[in-house]
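Atoms within a ligand are numbered from 1 in the order they appear, just like the ligands themselves.
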Amino acid sequence: MKTLVWVEHDGTTVKDATLNAVTAASKLGEVHLLVAGEGVGAVAEAAAKIAGVGKVHVADGAPFAHALAENVAPLVAELMGHHDAFVAPATTTGKNIAPRVAALLDVMQISDILSVEAEDTFTRPIYAGNAIATVQTSDAKKVITVRTTAFDKAAAEGGSGTVEAVSAAAGDAGLSTFEGQEIAKSARPELTSAKVIVSGGRALGSSEQFHALIDPLADKLGAGVGASRAAVDAGYAPNDYQVGQTGKIVAPEVYVAVGISGAIQHLAGMKDSKTIIAINKDEDAPIFQVADLGLVGDLFKVVPELTEKL
Ligand code: FAD
């Protein structure tokens with residue numbers, strides 16, 4: 001079985017989520033990659049070094065800059081003439097491209113897989129991760145998105161793929177144009193790849209208090225900063241901090257939940273973390289049911305104390 005993995009990149013480097021998707025794809029058979037973008041020679045070279053990769057198809061041109069899904073999807077659909085499965089990480093952009101590919105191929109998408117049981121059989125979470133469904137497809141061409149936290153990263157070095165320019169007809173579909181982007185810059189590790197995350201909840205009470213308490217603790221731990229949806233909705237933390245069902249799915253080594261109750265929608269985004277530490281003044285808060293370590297206390301007292309002791 002030949003699988004085509006969409007390479008997520010920032011124009012110069014391959015994003016980590018791609019490496020998890022490669023591991024998932026390798027369970028299906030031969031792995032080919034697609035690097036689409038403008039001026040992506042360096043990305044293609046890096047992609048060819050990923051362990052276990054065969055061919056790296058490179059579509060280099062203006063229509064593929066900024067990963068506009070309306071242009072990338074027809075390109076993938078064309079390349080699927082020579083592949084049996086398309087795999088993308090279930091990231092914001094991956095989830096934008098894959099359904100369009102499925103529609104163009106007139107097949108069902110298999111979303112957010114957790115494991116590959118057989119060539120046609122996969123597991124995936126349902127009901128916000130409260131149940132795991134085993135799904136089987138009879139489609140000849142498979143379109144799959146991968147929950148990155150469920151698969152180890154493939155080694156970024158050690159492969160010797162061959163780079164090949166794509167001679168596809170697909171170009172600018174004329175459906176969308178790139179207007180601009182605002183990228184939040186942070187010296188802290190990115191949430192989905194951070195080894196340690198400190199998240200704050202509604203209990204922080206204001207944006208000032210959120211940053212005054214959560215940021216120093218995160219800095220001491222070299223951690224990424226996350227937030228509950230309540231904290232984001234109240235404006236205490238930016239949108240891209242949100243962890244959960246409608247936010248980011250994370251699985252760091254250590255997840256520190258500060259003043260977060262542990263609603264199922266929040267747990268859906270972080271309960272696979274290796275060690276969960278909860279700080280909450282309510283000893284009956286549901287977060288303590290998933291926590292490995294719990295501290296019952298007033299966060300305004302214990303967080304500064306903890307930060308100082310660290
Ligand atoms: P609360 O539930 O209000 O909890 C605050 C906690 O802080 C309480 O446990 C309280 O005991 C504790 N506390 C208060 N004061 C202190 C203090 N001084 N010291 C210590 N502890 C204190 N939520 C998400 O997080 N992510 C999602 O992706 C998400 N998606 C959703 C999708 C849908 C469709 C819906 C319906 C909801 C979603 N939610 C999501 C919202 C979710 O249901 C909860 O409302 C939210 O997670 C609550 O956030 P919180 O824990 O910060 O606030």
List, ordered by chain and residue number, the protein residues whose closest non-hydrogen atom lies under 4.0 Å from any atom of ligand 1. Gly201, Arg202, Ala203, Ser228, Arg229, Ala230, Gln242, Val243, Gly244, Gln245, Thr246, Gly247, Gly259, Ile260, Ser261, Ala263, Gln265, His266, Asn280, Lys281, Asp282, Gly297, Asp298, Leu299, Phe300
Arg188 bridged to Asp219 by N-O distance under 4.0 Å: yes
Between Thr3 and Glu30, do the side chains contain an N or O donor and an N or O acceptor separated by less than 3.5 Å? no
Considering residues, nucleotides and ligands other than Lys220, do more than 12 of their heavy atoms fall under 6.0 Å from its NZ? yes
Is it the case that the side chains of Arg202 and Ser228 hold a donor-acceptor pair, with the cut-off being a distance below 3.5 Å and no angle test? no
Validation: residues 56-70 side-chain donor-acceptor distances under 3.5 Å, sequence neighbours left out:
from	atom 1	to	atom 2	distance (Å)
Asp60	OD1	Gly39	N	2.6
Asp60	OD2	Val40	N	3.1
Glu70	OE1	Ser176	OG	3.0

How far does CZ of Arg147 sit from CD1 of Ile249, to the nearest 0.5 angstrom? 4.0 Å
